[in-house]
Amino acid sequence: MSADALLEVASISAGYRRVVILRGINFTLAPGERLAVIGANGAGKTTLLRAIMGQIPLSAGQIRLAGEGLDSASIAARARAGLGYCPEGRQLFPMMSVAENLELGAAGAGAAARMRRREAVLEIFPRLQPLLGRAAGLLSGGEQQMVAIGRALMGEPRILLLDEPSTGLAPRIVHELYAALARLSAVAILVVEQNARAALRFADRAIVLADGAIVAAAPAAELRDDPLVVSAYVGAGRLAPA
Amino acid sequence: MASIIALVILGLLWGGVYLLMAEGLNLIYGVMKVVNLAHGDLIVFGGLLGYSLFAHAGFTPIAALLPVALVLGALGAVVQWGILERIPLVGADGELRTLLATFGLSYVVSNTSFLLWGGQFQSIPFLQGALRLGPIAIPEGLLACSLAAFIAALLVDFWLHRTLAGKALRATAQSPLGAASCGLEIRRIRIIAFALGTAMAGGAGALVIALVPFQISSGGDLTVQSFTLIALGGLGNYLGAWIAAEILGLAEVLSQYYLGPDIASAIIYLLFIAVLLFRPQGLLGRLGRV
């Protein structure tokens with residue numbers, strides 16, 4: 001394991017019942033680093049995040065957070081250990097207000113800490129300020145995604161795990177979302193994305209998954225210029241600078 | 001006119017009692033999607049426990065409410081931890097498994113009641129006078145029990161909506177994965193929800209036995225009555241249950257007065273069928289869900 005790795009994913013295999021999806025995945029994430037995982041539909045991107053969060057068991061390998069094995073930890077225990085998770089479908093509490101959603105993200109903290117963290121989240125997503133009293137289920141897709149990320153940030157995570165944050169959002173909102181994420185310097189971010197263009201622009205480093213295995217790993221800038229990656233996952237000519 | 005006002009008041013008061021009876025079932029369904037078929041038997045168990053507290057220690061139904069709720073809550077926590085938590089809820093058979101488990105539990109509870117209290121009807125004489133408001137007479141026992149039920153339901157409502165622990169429970173009902181991602185141990189929350197649901201059932205039983213005599217076989221009817229109410233309000237819908245309880249109370253009292261007691265008991269089932277046919281999502285649909 002590299003000495004400065006915050007998260008180490010070591011030779012993990014995982015899947016659903018007897019179907020193996022991930023095969024021998026290896027990578028590390030350093031503090032403050034931004035790592036994108038891209039790949040086609042069904043490549044195993046979401047399964048990777050589920051395995052890291054303990055939603056599905058590993059059939060081989062190990063996951064360590066700051067050197068501590070997470071094997072027997074529940075999803076909640078992993079969240080408390082510092083993994084801020086925005087799962088597929090956002091998983092907000094739709095009948096509760098935005099303020100309550102954020103509050104529950106820091107359920108283990110005291111009232112003063114919750115208030116301080118909420119202010120910090122509202123600085124990152126000022127668009128949420130006038131929506132605090134509104135039910136989360138009534139917000140637009142982009143606003144819901146901001147609440148989901150804000151809720152994860154309320155736990156002051158060491159790593160933010162984002163599952164397809166741009167799904168269903170207009171390009172302008174995707175840009176706004178990634179611009180906000182780019183301002184988070186204190187937290188490492190692991191983002192899995194179908195929207196490879198946005199992910200590769202945002203990340204420091206990226207890995208490409210295909211059929212549950214890593215087929216390429218390199219600095220994001222290099223992958224942005226790789227014609228094979230461009231044609232397979234981004235679309236030729238779509239990586240030109242904005 | 002006075003008789004209609006009296007009937008409406010009686011109906012609303014019965015609604016308060018029904019609310020407490022069904023609210024525990026609603027909470028358990030809202031959080032865990034488990035239809036607890038032992039709910040009525042737990043109400044009867046709570047009522048008979050209240051009867052023992054009255055017979056041996058002189059507890060009134062209102063004084064018995066808290067100790068009975070605590071005992072039933074502890075029992076519920078053990079059942080959830082020891083049985084339901086170990087049954088896989090996911091998959092096509094998930095709901096069937098929990099239905100069978102709670103069906104079995106209803107037998108265990110009713111037979112335990114039989115061993116402890118026998119098969120005869122039991123009741124508690126409590127405030128048997130009437131409060132007179134001009135020409136309107138309101139039974140004091142019903143008034144006291146209904147107020148106690150309303151206060152208990154309001155306290156639970158306050159806990160659910162104003163405390164962090166209550167919000168955590170509602171959050172788990174709305175998205176278990178979202179709650180777990182917030183660091184909330186949903187297994188513990190499910191145990192709390194089931195314990196609270198059975199505590200409310202027990203507390204309701206301690207009150208209702210002063211109004212309606214209980215016998216161990218009363219549990220089945222109470223389960224259906226509670227289920228009708230939460231179906232009318234919308235499964236897992238807290239606000240809907242309040243409205244449905246009042247509708248049910250009014251329908252029962254008015255039909256009993258105008259159509260007779262035999263028709264009155266059928267009215268509840270007719271209402272239930274009408275809801276399933278025309279408004280299967282309940283009166284309020286998604287609005288007001290736990």
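Chain identifiers are assigned alphabetically (A, B, ...) following the order of the sequence lines, protein sequences preceding nucleic acid strands; residue numbering begins at 1 within each chain.
A pairwise comparison of heavy atoms in B/Ser175 and A/Gln91 identifies OG-OE1, 2.6 Å as the closest pair. The minimum heavy-atom distance linking A/Arg151 with B/Gly178 is given by the pair NH2-CA, 3.7 Å.
Options A/Ala79, A/Ala81, A/Ala152, A/Gly89 differ in how many heavy-atom pairs under 4.5 Å they form with chain B, and the most are formed by A/Ala79.
Close approach to chain B, defined as a heavy atom under 4.5 Å from one of its heavy atoms, is seen in A/Gly105, A/Ala107, A/Arg114 of residues 105-135 of chain A, taken by number.
Under the side chain to side chain contact (heavy atoms under 4.5 Å, CB included) rule, A/Ile75 has a single partner from B/Leu184, B/Leu177, B/Ile186, which is B/Leu177.
Looking at residues two or more places apart in sequence or on another chain, you find no side-chain hydrogen bond (donor to acceptor under 3.5 Å, both in side chains) involving A/Ser13. For B/Asp157, the side-chain hydrogen bond (donor to acceptor under 3.5 Å, both in side chains) partners are B/His161, not counting sequence neighbours. Take B/Phe103 and apply the ring pair (Phe, Tyr, Trp, His ring centres under 6.0 Å) test, not counting sequence neighbours, and it matches B/Tyr107.
Listed for the A/Glu100 side chain is no donor-acceptor partner under 3.5 Å among the backbone atoms of B/Lys167.
Using a 4.5 Å cut-off between heavy atoms, A/Leu92 contacts chain B through its backbone alone, with no side-chain atom that close.
The CZ atom of A/Arg78 sits 12.0 Å away from the OG atom of B/Ser181 when rounded to the nearest 0.5 Å. A distance of 8.0 Å separates CG in A/Asn101 from CD in B/Gln174, rounded to the nearest 0.5 Å.
Here the side chains of B/Cys182 and A/Tyr85 are not in contact, with every heavy-atom distance at 4.5 Å or above.
More than 12 heavy atoms of other residues, nucleotides or ligands sit less than 6.0 Å from atom CZ of B/Arg86.
Donor-acceptor pairing under 3.5 Å is recorded for the side chains of A/Ser74 and B/Glu185.
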